[in-house]
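One structure is given here, and the rest of the page talks about it.
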Amino acid sequence: MIGHLTAIAHAATGVVFIAGLSACTSSSDTSPSRDSGGVAKATGAPVQVAGTRIGVPRTTAAGEWQMPAGDYASSRFSDLAQITPANAANLKASWTFSTGVLRGHEGQPLVVNNTMYLVTPYPNVSYAIDLATAGQPLKWKFRPENAQAATGQACCDVVNRGAAYADGKIFYNLLDGHTVAVDAENGTQLWRTRMADLNLGETMTMAPIVVKGKVLVGSSGGEMGVRGWLAAIDAKTGKEVWRGYNTGSDRDVKVGSRFKAFYPQDNGKDLGLTSWPGETWKQGGGAVWGWLSYDPELNLVYYGTSNPGPWNPSVRKGDNKWSCAIMARDADTGELVWAFQVTPYDMWDYDTVNENILVDLPLGGTTRKALVHFDRNGFAYTIDRATGEVLVAKPFVQMNWSTGVDMKTGRPQVVPEKMTAEGKLVKDICPSLEGGKNQQPAAFSPQTGLFYVPTINLCMDFEVRPVTYIPGTPYIGANAPEKKGPGGHGGEFIAWDATTGRKVWGIEEPFPVWGGALATAGGVVFYGTLDGWFKAVDASSGKALWKFKVGSGVVGNPIAYLGPDGKQYIAVYSGIGGDMGLLIAGDVAANLPYDIRERGSTLPDLARWTSWGGMLFVFSL
Amino acid sequence: MRVSEIAFGAICVMAVVAAAPRARQAASAPNAMTDSIRFVAHPEHIPSGFPSHDRPLALRNPLEGNANARKVGAQLYVSYNCIDCHGADGSGAMGPSLADGRWHFGGTSGELFESIYQGRPDGMPAWGGRIANDQIWSLITYIQSLSQGKNVATENFTGRTVERTGH
């Protein structure tokens, strides 16, 4: 089996590149030893670009992957360095595992103590796989109770973006609104806490992180008229410790004396109420379905909030705080310490839930503690993570709805012709509501100082219609057909310099890049595509090094780990789905294999290149 | 609330339902007829020789093919947010397609009535007693008009251009 797959891998590779290494990566291109486990440096990530480093050094073992993004900084950088531009062409499939679930496999596995942990899309089965035994047998399989009604309440497929490990426990969210803790050794459910209200359209798809004994979680439902929140659960007992809402009174939002936003318009009393007409904040969205980051020095947890509800902007005139905002809360108390509204009065479904990557960057002659965020609205923000000050804001994709970010206020300057309203059809808005980037997380390498960003090149027409709030049904009020943007490619995998706001290189892809990125100390970056290619490229140049056609389109995020045999492995889910796979990609989007869903007009030929099916693929040299 | 306006500004009175007593239409309160409507015949699930002492009910859509009912159903499809689950023209979105001629819970008038009235365990809300029965029949009239010619079992990708069956 492995031999067969190897043959395919070589065939798929075609040309073997012996990449010329740049100065940035050459020093990491050392022969790995068993002792160092192939790690580029024994202590933390090597700093090769002056003043550039991952903002929160990894404290866990380099060969493990204990939290969704690998570290609190959300860098998705692995210190493992065995796979280099010189040898990546020799990568081959080592083993695979069917998850038994067909729908969109966003998220990523964890690896702790020579055990791999997977969580599937609904019904959110989890598996513990023994990496130390040939054939990778299961240690356990856990099938939680999980209400089937949730499958009809989730807007964008029944995805799950992964688990977090801490203190011998695996924590993850169930689609029906529960958070569970499972004993990592034997799969026993330790607690199960209802956090979200399915009857109000709240589901849970995001991956938690664990900070100082608290599990941090949020809910989905920005299309269902929910009221977004972030909550902390005691990891030992499963009891809720605090919950901060993203709309409503200062008390509910946890705005107190410590709160200080950088921009004047983001300061004031009860902005979560007063920036909405009447009681529209109660169905105002601002859900927390994306990624969390944490800075232990500042003790701040960072997250972004979703679009305001409904999409019809005419019924909620105002800034709609704190939808489409980056929030910084005290990890112990939940107090809001600062907030920055990225897209006030969103009219295009530009959620701000994308990951916030914590890095220290050289800016203006000093090293700034920065947060880098690639927003749905098409701007890449480099922000001071202590204050919320915008340092750099530049478009990272083609856009036409805004002429730029006003650096005095942090607000985007909106092109009037692209404003949407009830009774109006606005044509050709770029990016589309999928954003310049969506949930697929970027990665950062301190060796190159670059961010590796999976992007989308789609535009849309936006027609707003009246809408009624009916609990448990979608609260949208707009039609927004999408099409490929200028250039005709569906997406591009880019390398981004966040100090200058400049694209360094890009690889155009026929379809939107909906899988996340992984950067490694070997100088190789990995990502997967909707048409089912898993690729390795040179971190410095973007040069293609290797690719392999996996079983289904990739919407998941690769990880790197060190096997018990001392070898570096790369693991990724294939399994098309999620918003992109489900909503616009034709019959790969059907609910059952029996269905014949019409192909959407956006990506009519995607169904030719892939079909659904959840599978883990693991690669090594 | 727009919902109640639509509910009370309802359409033509429902006609006789086969094997069910004639009933006065009310916008909300369930009545004797709606109780009997809960039981829909599923002869395809009855093995031959299975004991039977009753003649199962077979519900027919009293508004079948009614052009006005289809128009009203199309409006209700938007007003009740069906569109955002099942897609424009029933093309499928977060919920299943209603236009592909493939039904998870059956596609006869009675089965569609049952799906809308009682809801389904995969998240389809139970609308029975919340909206008028004749509105349900209007929705069904609209839904049944969507699948004409869309049940295409084979997709051939090998042609020069990708054939589009979509909108």
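The chains referred to below are lettered A, B, ... by the order of the sequence lines, with proteins before strands, and numbering in each begins at 1. Keep in mind that what you see is a predicted model, and the values were worked out from it rather than measured.
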What's the separation between atom CD in Q153(A) and atom SG in C85(B), rounded to the nearest 0.5 Å? 7.5 Å
Rounded at 0.5 Å granularity, tell me how far CG in D595(A) sits from OG in S97(B). 7.0 Å
Using non-hydrogen atoms only, which part of P125(B) is less than 4.5 Å away from chain A: side chain, backbone, both, or neither? side chain
Look at atom CD of Q148(A) and say whether more than 12 heavy atoms of other residues, nucleotides or ligands are closer to it than 6.0 Å. yes
Nearest heavy-atom pair of I470(A) and Y80(B): which atoms, and what distance? CD1-CA, 3.9 Å
Enter the distance from Y594(A):OH to D100(B):CG here, rounded to the nearest 0.5 Å. 8.0 Å
May I ask you to check whether over 12 heavy atoms, not counting those of K424(A), lie within 6.0 Å of atom NZ? yes
Is any side-chain heavy atom of H104(B) closer than 4.5 Å to one of L592(A)? yes
Considering non-hydrogen atoms only, spot the tightest contact between M94(B) and P474(A) and give its length. SD-CG, 4.0 Å
Reported CG-to-CD1 distance for the pair N479(A) and I83(B), which is rounded to 0.5 angstrom: 5.0 Å
I'd like to know if the side chain of N81(B) reaches the main chain of T468(A), judged simply by a donor and an acceptor atom lying under 3.5 Å from each other, with no hydrogens or angles considered. yes
